[in-house]
Amino acid sequence: MPGCFKKTLFALASLISFVSFILIVVAMGTPKWMTGKILCKTGADLVNATDPELVKFIGDIYYGLFQGGKIRQCGLGGRRSKFTIFPHMVKKLNTGLHVMIIMFLCVAIFFSLVSFGFCILNAIKVPYRAIKGPAGVCLWNFLAGGFVALAVTSFMAAVKHHHLTERIANFRENVFQFVILEERFEDCFWICVASATTHAVNLLLIAISGINFPKIKTKTEEVNVTAEDIMY
């Protein structure tokens, strides 16, 4: 049976793995990975809008992995619309990269659950196989954190190098052209970053669990019995 200290560390590691699983699921299902400001360039050019008038042509956009929405401002007031990435818009995007991001997160969810199970196993007993022990827990946490990091990096590449926001903003826009004025990574993106960080914390906890701390030994005093003690 593992000691109380190791039980506590592995119980904490299992909780962290489960939290990582929840974070990834929430991030995938929330449509706010990115927000931004979009300028209706066609409308602004038509009326030759100056700086004070450009406000009437600046709208908003937000999107996640599966859906999003935007407010079009082309001089006649804001028009709200919502969209879904699948099945239509994905043809406009870099399909392979977008699917890879989703696959990376799905694999990370799987390894987070595996890590959760192995941490509970190590908190209950000492496994007889090394892969089920701390080495295995480290492996699953490394893989889970690594796949989350790959997903985050791929999403950043899609935004910065493949102009993801601009492609989404101009989807099915036959008359007006939109340009991106501002982009911001939102909470769901940073939730994924936090998920990767939790697995790094788990690796630290497992490393601490392998440290053998010296035990404090107390010296027992020898009792010397003399003849006078016997008399009393």
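Looking at every heavy atom in both residues, F178 comes nearest to C74 through CZ-SG, 3.9 Å. What you find for M34 and E183 is that their closest heavy atoms are SD-CB, 3.9 Å. Of all heavy-atom pairs spanning I120 and S14, the tightest one is CG1-CB, 3.9 Å. The shortest non-hydrogen separation linking S112 to I24 is OG-CD1, 4.1 Å. For Q73 against G59, the heavy-atom pair with the smallest separation is CG-CA, 3.7 Å. For the residue pair I101 and S154, the shortest heavy atom distance occurs at CG1-CB, 3.6 Å.
Side-chain contact between L97 and L164 is absent, with no heavy atoms from C-beta onward closer than 4.5 Å. Here the side chains of I38 and D60 are not in contact, with every heavy-atom distance at 4.5 Å or above. A 4.5 Å side-chain heavy-atom check between L65 and I85 finds every atom pair outside the cut-off. Counting only heavy atoms from C-beta outward, the side chains of F171 and E166 never approach each other to under 4.5 Å.
V114 and F10 fall within a single hydrophobic cluster, where Ile, Leu, Val, Met, Phe, Trp and Tyr side chains are chained together by heavy-atom contacts under 4.5 Å. Connection of F185 to V193 is established within a shared hydrophobic cluster, with ILVMFWY side chains joined at heavy-atom distances below 4.5 Å, either directly or through further cluster members.
Once rounded to the nearest 0.5 Å, the distance linking CZ of F57 with SG of C40 reads 7.0 Å.
More than 12 heavy atoms of other residues, nucleotides or ligands shown are found within 6.0 angstrom of CZ on F83. Annotation for F110: atom CZ does not count as buried by contact number, only 12 or fewer foreign heavy atoms lying within 6.0 Å. The neighbour count for R167 CZ, taken as heavy atoms of other residues, nucleotides or ligands under 6.0 Å away, is above 12. The 12-atom threshold is not exceeded at CZ of R80, counting heavy atoms of other residues, nucleotides or ligands nearer than 6.0 Å. Residue-environment remark: CZ (F66) exceeds the threshold of 12 foreign heavy atoms within 6.0 Å.
At distances below 3.5 Å, at least one donor-acceptor pair connects side-chain atoms of K70 with backbone N or O atoms of A169. Side chain of N141 to main chain of L203: no donor-acceptor pair is present (N/O by atom type, distance under 3.5 Å, no hydrogens or angles).
For the side-chain contact (heavy atoms from CB on, under 4.5 Å) with F189, the qualifying choice from K32, R184, M156 is M156, the only one to do so.
Checking N202 against S17 by side-chain atom types alone, a donor-acceptor pair falls below 3.5 Å. Checking T35 against Y63 by side-chain atom types alone, no donor-acceptor pair falls below 3.5 Å.
A centroid separation of less than 6.0 Å is found between the aromatic rings of W33 and F155.
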